[in-house]
Trainee: 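I have a structure I would like to understand better, so I am pasting it below and will then ask my questions one at a time.
Please read all numbers here as calculations on a predicted model, not as lab measurements. Nothing fancy with the numbering, it's 1 onward along the sequence.
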Amino acid sequence: QVQLVESGGGFVQPGGSLRLSCAASGFTLDYYAIGWFRQAPGKEREGVSCISSSAGSTYYADSVKGRFTISRDNAKNTVYLQMNSLKPEDTAVYYCAAEAYKDYCLLSVSSYDYWGQGTQVTVSS
């Protein structure tokens with residue numbers, strides 16, 4: 001079975017940091033593009049960041065550039081999203097998603113084949 005499990009969410013104050021993890025099972029993460037998305041209550045799911053498979057290209061939404069960093073650890077079959085300088089508007093459920101055999105990635109929900117269940121991130125004072 002192909003599974004993605006997010007972890008690392010929590011409650012932080014503005015300006016704080018969190019590192020989200022996306023652990024894959026049932027497939028080798030090396031050959032998948034991985035995207036991070038988020039969805040706040042009543043809002044559309046939006047792309048945050050993605051990393052391609054073999055090409056290793058990364059992309060970020062304008063709202064998180066300079067604050068978030070996506071990376072992968074192939075030995076652990078895990079992709080990370082390091083989130084720094086968090087803002088209240090970053091509050092959302094964060095999801096990771098996988099797209100097979102892609103050397104590029106898009107911040108588009110429709111591009112991805114597999115999705116995790118999400119992890120809650122709350123940024124508040």
Side-chain angles (χ1 to χ4, degrees):
Q1 294 179 335
V2 174
Q3 291 185 323
L4 296 169
V5 179
E6 303 94 336
S7 62
F11 186 97
V12 296
Q13 293 183 327
S17 298
L18 286 173
R19 189 177 74 161
L20 304 184
S21 298
C22 175
S25 62
F27 65 98
T28 300
L29 199 57
D30 304 32
Y31 307 112
Y32 286 75
I34 301 296
W36 282 100
F37 295 79
R38 65 188 182 187
Q39 188 167 24
K43 295 187 178 296
E44 301 277 346
R45 190 171 299 185
E46 64 174 351
V48 175
S49 181
C50 63
I51 185 166
S52 66
S53 51
S54 59
S57 299
T58 59
Y59 300 88
Y60 299 91
D62 288 342
S63 60
V64 306
K65 285 180 180 177
R67 300 189 298 122
F68 291 10
T69 303
I70 190 169
S71 62
R72 67 167 75 225
D73 185 340
N74 290 333
K76 296 184 178 183
N77 219 29
T78 300
V79 168
Y80 302 97
L81 184 68
Q82 179 67 46
M83 306 187 296
N84 299 325
S85 302
L86 284 162
K87 304 174 180 179
E89 53 262 45
D90 296 318
T91 296
V93 176
Y94 283 70
Y95 301 87
C96 66
E99 183 180 26
Y101 315 120
K102 298 296 183 181
D103 293 334
Y104 65 95
C105 66
L106 298 172
L107 295 178
S108 174
V109 169
S110 62
S111 296
Y112 292 84
D113 302 308
Y114 308 105
W115 291 83
Q117 294 300 307
T119 185
Q120 177 71 49
V121 172
T122 302
V123 185
S124 177
S125 59

Trainee: Using a cut-off of 6.0 Å, state whether more than 12 heavy atoms not belonging to Phe11 lie near its atom CZ.
Mentor: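 Result for CZ/Phe11: enclosed.
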Trainee: Rounded at 0.5 Å granularity, tell me how far SG in Cys96 sits from OH in Tyr32.
Mentor: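 These two atoms lie 13.0 Å from each other.
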Trainee: Compare every heavy atom of Thr58 with every heavy atom of Ile70, then report the nearest pair and how far apart it is.
Mentor: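 Looking at all heavy atoms of both residues, the closest pair is CG2-CG2, 3.7 Å.
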Trainee: From Asn74 CG over to Asp30 CG, what is the distance, rounded to the nearest 0.5 angstrom?
Mentor: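 Answer for the CG-CG pair, Asn74 versus Asp30, is 3.5 Å.
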Trainee: What distance separates Arg19 CZ from Ser71 OG, expressed to the nearest 0.5 Å?
Mentor: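 So the gap between those two atoms works out to 7.0 Å.
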Trainee: Going by heavy atoms in the side chains, are Val109 and Gln39 under 4.5 Å from each other?
Mentor: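 Result no, sub-4.5 Å side-chain heavy-atom pair not found.
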Trainee: Hey, can you tell me if Tyr95 and Trp115 have their rings parallel, tilted or perpendicular (30° and 60° cut-offs)?
Mentor: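 Perpendicular: the ring planes of Tyr95 and Trp115 meet at over 60°.
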Trainee: Are Phe37 and Leu29 linked, directly or through intermediate hydrophobic residues, by side-chain heavy-atom contacts shorter than 4.5 Å (ILVMFWY only)?
Mentor: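 Unlinked, Leu29 and Phe37 end up in two clusters.
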Trainee: To the nearest 0.5 Å, tell me how far Asp90 CG sits from Arg38 CZ.
Mentor: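 Spacing of CG (Asp90) from CZ (Arg38) equals 4.5 Å.
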Trainee: For a quick test of reading the model, state the closest non-hydrogen atom pair linking Cys105 to Tyr112 and the distance between them.
Mentor: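 Residues Cys105 and Tyr112, closest heavy atoms: CB-OH, 3.7 Å.
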Trainee: How close do Asn77 and Ser25 get, heavy atom to heavy atom, and via which atoms?
Mentor: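 Smallest heavy-atom distance, with atoms named: ND2-N, 4.4 Å.
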Trainee: Would you give me the side-chain donor-acceptor pairs under 3.5 Å for residues 80-87, sequence neighbours excluded?
Mentor:
{"unit_1": "Gln82", "atom_1": "NE2", "unit_2": "Asn84", "atom_2": "OD1", "d": "3.0"}
{"unit_1": "Asn84", "atom_1": "OD1", "unit_2": "Ser17", "atom_2": "OG", "d": "2.9"}

Trainee: Would you check if the side chain of Gln117 reaches a backbone N or O of Glu6 as a donor-acceptor pair within less than 3.5 Å?
Mentor: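 No; zero donor-acceptor contacts below 3.5 Å.
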Trainee: Quick one: OG on Ser49 to OH on Tyr60, what's the gap to the nearest 0.5 Å?
Mentor: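 Taking OG in Ser49 and OH in Tyr60, the distance rounds to 4.5 Å.
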Trainee: So does Glu44 have more than 12 non-hydrogen atoms from other groups sitting under 6.0 Å from CD?
Mentor: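 It does not: Glu44 CD has 12 such atoms or fewer within range.
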Trainee: Of all residues at least two apart in sequence or in a different chain, which pass the side chain to side chain contact (heavy atoms under 4.5 Å, CB included) check with Ser7?
Mentor: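 Expected list: Ser21.
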Trainee: Kindly work out whether a path of hydrophobic side-chain contacts (I/L/V/M/F/W/Y, heavy atoms less than 4.5 Å apart) joins Phe68 to Val12.
Mentor: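 Cluster IDs for Phe68 and Val12 match.
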Trainee: Give every donor-acceptor pair under 3.5 Å between a side-chain atom in residues 118-125 and any protein atom, sequence neighbours left out.
Mentor:
{"unit_1": "Thr119", "atom_1": "OG1", "unit_2": "Gly9", "atom_2": "N", "d": "3.2"}
{"unit_1": "Gln120", "atom_1": "NE2", "unit_2": "Ala92", "atom_2": "O", "d": "3.4"}
{"unit_1": "Gln120", "atom_1": "NE2", "unit_2": "Thr122", "atom_2": "OG1", "d": "3.4"}

Trainee: Mind checking the CG-OG1 spacing from Leu20 to Thr78? Nearest 0.5 Å is all I need.
Mentor: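 Here the rounded value is 12.5 Å.
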Trainee: Is there a chain of hydrophobic side chains (I, L, V, M, F, W, Y, each step under 4.5 Å between heavy atoms) that links Tyr114 to Tyr94?
Mentor: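 Same hydrophobic cluster.
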Trainee: If we only count heavy atoms from C-beta on, is the Tyr59 to Leu106 side-chain gap below 4.5 Å?
Mentor: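 Result no, sub-4.5 Å side-chain heavy-atom pair not found.
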